[in-house]
Student: 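This is the structure, below, for whatever I ask next.
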Protein chains: 4
Amino acid sequence: MSISPDIVEGTENVSPATGRPLTKRGEATRRRLLEAAEAVFAEQGYHEASIVKITERAGIGLGTFYLYFDSKQSIFESLVLDLNQRVRHAMAEEMDAAGSRLDAERAGFAGFFRFTAEHPALYRVVREAEFVSPETLRQHYTRIVDGYERGLAAAQAVGDVDRRLDPAVTAWALMGMGELIGMRFLLWDRDAEGRAPAEMPVDVFDHMMLFIDNALAPRTHDTEDGRS
Amino acid sequence: MSISPDIVEGTENVSPATGRPLTKRGEATRRRLLEAAEAVFAEQGYHEASIVKITERAGIGLGTFYLYFDSKQSIFESLVLDLNQRVRHAMAEEMDAAGSRLDAERAGFAGFFRFTAEHPALYRVVREAEFVSPETLRQHYTRIVDGYERGLAAAQAVGDVDRRLDPAVTAWALMGMGELIGMRFLLWDRDAEGRAPAEMPVDVFDHMMLFIDNALAPRTHDTEDGRS
Amino acid sequence: MSISPDIVEGTENVSPATGRPLTKRGEATRRRLLEAAEAVFAEQGYHEASIVKITERAGIGLGTFYLYFDSKQSIFESLVLDLNQRVRHAMAEEMDAAGSRLDAERAGFAGFFRFTAEHPALYRVVREAEFVSPETLRQHYTRIVDGYERGLAAAQAVGDVDRRLDPAVTAWALMGMGELIGMRFLLWDRDAEGRAPAEMPVDVFDHMMLFIDNALAPRTHDTEDGRS
Amino acid sequence: MSISPDIVEGTENVSPATGRPLTKRGEATRRRLLEAAEAVFAEQGYHEASIVKITERAGIGLGTFYLYFDSKQSIFESLVLDLNQRVRHAMAEEMDAAGSRLDAERAGFAGFFRFTAEHPALYRVVREAEFVSPETLRQHYTRIVDGYERGLAAAQAVGDVDRRLDPAVTAWALMGMGELIGMRFLLWDRDAEGRAPAEMPVDVFDHMMLFIDNALAPRTHDTEDGRS
DNA sequence: TATGAATGAGCTTTCATTCAT
DNA sequence: AATGAATGAAAGCTCATTCAT
């Protein structure tokens with residue numbers, strides 16, 4: 001009854017310049033570039049970010065960048081896919097520990113929001129990806145939504161979720177809710193020092209879960225034929 | 001019982017260069033620039049769009065641009081605010097004609113989706129606005145969400161909506177759903193000729209409305225204390 | 001009996017950026033760029049030359065360059081074709097004033113050498129054009145050689161040149177002689193101050209003409225059937 | 001009566017890094033680098049060629065290059081000088097087998113063209129050498145021309161060549177003819193499959209030799225005073 | 001009001017060379 | 001003797017903005 005997504009892809013570990021697999025040192029350099037890119041993209045956005053800013057932040061030479069990535073777009077895509085993998089992993093981990101359907105949902109969103117708070121780049125960068133790499137954008141959303149969708153279908157099968165709901169439409173609805181509520185209450189809100197909250201405020205979270213629970217809960221007469 | 005937003009701001013009608021109000025001819029030029037900007041931003045995105053492309057599309061000279069807008073960012077902000085006003089107007093118009101609460105919701109979303117289909121720029125441009133003009137981005141969302149929120153509060157007052165729901169959180173949830181479902185089923189889907197659907201497929205729309213109705217519907221025992 | 005080449009092409013006078021014909025001012029700017037390019041290419045060669053060096057020399061802004069030429073290669077090609085036109089014009093002018101066949105040849109080479117001395121760029125730049133723009137290289141040589149070839153054929157028809165000679169091969173031979181003798185005695189030789197001679201030393205010129213005259217002169221028994 | 005050049009220089013056989021003489025293995029690596037450089041320079045030209053391309057073609061590591069050559073320019077110079085030596089060797093070999101003066105000339109040009117056909121790098125690379133290494137360029141031409149010049153002077157002494165001709169000017173004329181006719185009829189012409197001819201077409205060669213023979217042949221009254 | 005030639009900061013990318021292994 | 005990851009100077013090019021007309 002888990003709606004945790006499954007994660008399959010491995011990390012890219014081949015040099016685009018030589019085509020050879022990366023050495024241990026190379027792997028570390030690549031990782032530092034990705035981390036620097038995450039920070040710079042998150043702070044400045046894709047277009048304001050520059051290779052120089054990324055390499056400076058990573059503490060490596062400008063030319064070195066091109067030993068690991070073909071282009072700015074290429075590291076962007078790698079980063080999105082990397083973050084996508086990790087957010088799904090984070091969600092899956094929390095969901096797997098859950099007992100009931102509602103607990104799993106709650107856990108999934110908790111994982112999503114926790115990840116968003118720690119990696120605002122994912123949210124920020126994805127929202128401007130439409131013209132940078134539409135395919136990557138689609139992959140990112142689709143992979144997360146697919147997880148929701150499968151979980152919903154499974155929950156419907158055992159009667160935990162209103163059978164009249166379409167799993168795909170519902171999954172995209174949940175994704176949209178998570179994204180905009182994350183944006184509004186996690187990334188926009190600032191305290192006196194201008195710092196974003198470390199995690200989603202519990203009351204917001206509870207209200208959102210109430211909304212979702214209302215939406216998904218099977219109606220009393222729903223158990224019979226799935227249609228009122 | 002209407003959740004239609006109210007619209008207050010007027011069109012910008014002062015030349016940033018001279019500070020004097022625009023003549024009739026000037027007003028027309030400004031409008032052509034905004035229309036060209038909408039098309040170019042929608043097709044190419046903010047960063048790929050260039051002033052030259054916009055002025056060429058508008059059929060006016062490059063230098064003329066700066067008689068009407070201070071900068072590229074400035075026309076971007078004007079465009080977002082202009083579209084925001086128009087989408088809220090479109091939503092309000094449809095909602096005002098509605099009878100019941102559910103009808104109003106349905107009408108509001110229908111208006112939103114219709115506008116999105118006709119003005120993909122709104123969606124596309126907003127999603128990359130975070131780093132271009134965060135304040136404008138906030139205004140755009142807030143104005144729409146405020147409308148939802150007031151409508152929800154009013155509906156709760158008369159018992160049409162589950163009183164336990166927080167209007168603000170719920171409103172952002174609805175906004176997120178609308179945005180992502182619009183993106184997924186209106187802007188991504190293409191027919192054989194690569195054309196986007198002219199409007200939201202009716203079954204997607206119905207499933208979304210079912211989800212929303214589930215979520216908002218007052219529970220039977222909800223009239224007593226607002227808590228189950 | 002003239003071997004002067006005919007010149008047909010007009011100067012490019014359309015902006016590559018806008019596609020519109022150049023204004024008078026634009027024409028002047030373009031000319032300054034070409035002159036600067038000639039100087040920089042001649043001094044530094046194609047690859048060492050840079051757009052910045054060219055625009056600095058021309059006294060215009062870097063960006064302006066791209067209003068007149070698409071790329072570095074583009075100005076290179078324009079320059080070669082421009083110089084080609086002018087060298088053929090210079091040769092034709094001198095040749096038209098000549099009386100006899102020998103005088104015309106002498107005048108043609110004189111024009112060629114004079115132009116080479118004044119425009120070393122032509123020689124220098126053409127010699128490295130093989131990988132920059134092979135088509136332009138071919139055009140340059142072919143246009144000059146075609147002139148020789150036609151002149152030779154005409155002179156053979158009236159018996160002024162040995163009829164056994166193939167006009168094409170002979171024309172290429174003359175071109176090669178002119179180029180290498182120009183290089184050796186015009187561009188390599190330097191006086192005490194390191195300055196190249198202003199014109200071809202007269203004795204070198206005379207010896208070359210003797211060689212050519214020997215080569216072309218009809219043999220005594222050649223007048224009868226063109227074959228010994 | 002031979003106009004074959006004499007060859008004196010030996011192969012470079014000292015490591016620029018250590019200053020010690022090359023081992024047998026080192027000698028082989030150096031040779032592979034030169035061969036790779038010849039191919040890459042011929043195909044791509046000096047500036048498009050890169051050390052990486054050369055070392056990859058040679059099948060050795062990038063860093064190894066600098067054990068054998070100081071710089072890109074250095075291998076270029078070595079290559080030009082190496083090819084120069086070999087082309088003169090090829091010419092000399094054919095000329096030594098010749099009987100008459102005319103045969104020797106013919107043989108020399110035949111050797112030159114054969115070498116050009118087999119080693120287009122010589123022609124291609126030399127023509128862009130002006131700005132890469134002018135001194136090397138001068139050496140290359142001078143060494144070949146010197147051979148011609150000495151041969152011409154010797155032939156004049158025995159009355160085989162018109163005594164009025166200046167050996168130096170004539171030698172440069174011959175060099176120029178050979179170069180441009182080689183370029184035109186050997187390197188430019190392509191068959192249906194885009195392949196260059198394996199050797200100079202015999203009719204072109206014969207016409208060129210006729211031209212040369214005309215030019216050099218002593219006039220009947222030439223034996224008396226060297227001036228008509 | 002309208003124009004478009006001119007500008008230059010700033011971008012992404014390449015590649016000869018170094019050096020620790 | 002051999003390697004290839006790392007470097008950064010310098011290149012070609014774009015485009016928002018200015019300003020003289």
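Note on naming: letters A, B, ... go to the chains in the order of the sequence lines (proteins, then strands), and numbering restarts at 1 for each one.
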Student: How many angstroms lie between atom CG of D:L79 and atom CD of D:E35, to the nearest 0.5 angstrom?
Tutor: 10.5 Å

Student: Ignoring backbone atoms, establish whether B:T29 has a side-chain N or O less than 4.0 Å from OP1 or OP2 of E:dA2.
Tutor: yes

Student: Take B:E48 and D:I60, find for each the nucleotide of DNA chain F with the closest heavy atom, and name the residue whose nucleotide sits nearer the 5' end.
Tutor: D:I60

Student: Rounded to the Å, how far apart are B:K24 NZ and E:dT1 P?
Tutor: 16 Å

Student: Which nucleotide in the list F:dA6, F:dA16, F:dG12 gets nearest to the side chain of A:L67?
Tutor: F:dA6

Student: Nearest nucleotide by nearest heavy atom, which residue falls closer to the 5' end of DNA chain F, B:F65 or A:G59?
Tutor: A:G59

Student: List every contact pair, protein side and nucleotides 19-21 of chain E side both N or O, where the distance is under 3.5 Å.
Tutor:
none

Student: Of all the heavy-atom pairs spanning D:F76 and D:A129, show the shortest one and how long it is.
Tutor: CZ-CB, 3.6 Å

Student: Round to the nearest Å and state the distance from B:K53 atom NZ to F:dT14 atom P.
Tutor: 11 Å

Student: Report yes or no: is the cationic atom of B:K72 (NZ for Lys, CZ for Arg) closer than 6.0 Å to the six-membered ring centre of B:F65, at no more than 45° off its axis?
Tutor: no

Student: As a test of reading the structure: which of F:dT7, F:dA2, E:dT12 is closest to the side chain of A:T64, going by heavy atoms?
Tutor: F:dT7

Student: Just call it for C:A28: base, sugar-phosphate, or nothing, with non-hydrogen atoms closer than 4.0 Å on any strand.
Tutor: nothing

Student: Rounded to whole Å, please give me the gap between CD1 in A:I51 and P in E:dG10.
Tutor: 17 Å

Student: Whole-Å distance between F:dA1 C1' and D:E27 CD?
Tutor: 14 Å

Student: Does the side chain of A:Y123 pick up a donor-acceptor pair with the side chain of B:E130 at under 3.5 Å?
Tutor: yes

Student: Which is more 5' along DNA chain E, the nucleotide nearest C:G26 or the one nearest A:L62? Just name the residue.
Tutor: C:G26

Student: Locate the shortest heavy-atom distance separating C:A49 from C:Q44; write the atom from each residue and the value.
Tutor: N-CB, 4.1 Å

Student: Both distances under 3.5 Å, Watson-Crick or G-U wobble: report the partner of F:dA1, or none.
Tutor: none

Student: Please determine, for the side chain of B:R25, which listed nucleotide (F:dA11, E:dT1, F:dC15) has the closest atom?
Tutor: E:dT1

Student: Distance check needed: E:dA16 C1' versus D:I54 CD1, whole Å only.
Tutor: 11 Å

Student: Would you mind checking if A:E43 and A:R57 are paired as a salt bridge, meaning a charged N to carboxylate O distance below 4.0 Å?
Tutor: yes

Student: Please tell me if D:Y68 has a side-chain N or O lying less than 4.0 Å from either OP1 or OP2 of F:dA2.
Tutor: yes

Student: Rounded to the nearest Å, what distance is computed from the NZ atom of residue B:K72 to the C1' atom of nucleotide F:dT18?
Tutor: 17 Å

Student: Enter the distance from D:I75:CD1 to D:Y68:OH here, rounded to the nearest 0.5 Å.
Tutor: 12.0 Å

Student: Under a 3.5 Å cut-off for both contacts, is E:dA6 paired Watson-Crick or G-U wobble with anything, and if yes, with which nucleotide?
Tutor: F:dT17

Student: Answer whether the closest heavy-atom distance between the side chains of A:D82 and A:R31 falls below 4.5 Å.
Tutor: yes

Student: F:dA6 P sits how many Å from A:R30 CZ, rounded?
Tutor: 13 Å

Student: Provide, to the nearest angstrom, the distance between the CD atom belonging to C:E56 and the P atom belonging to E:dT7.
Tutor: 12 Å

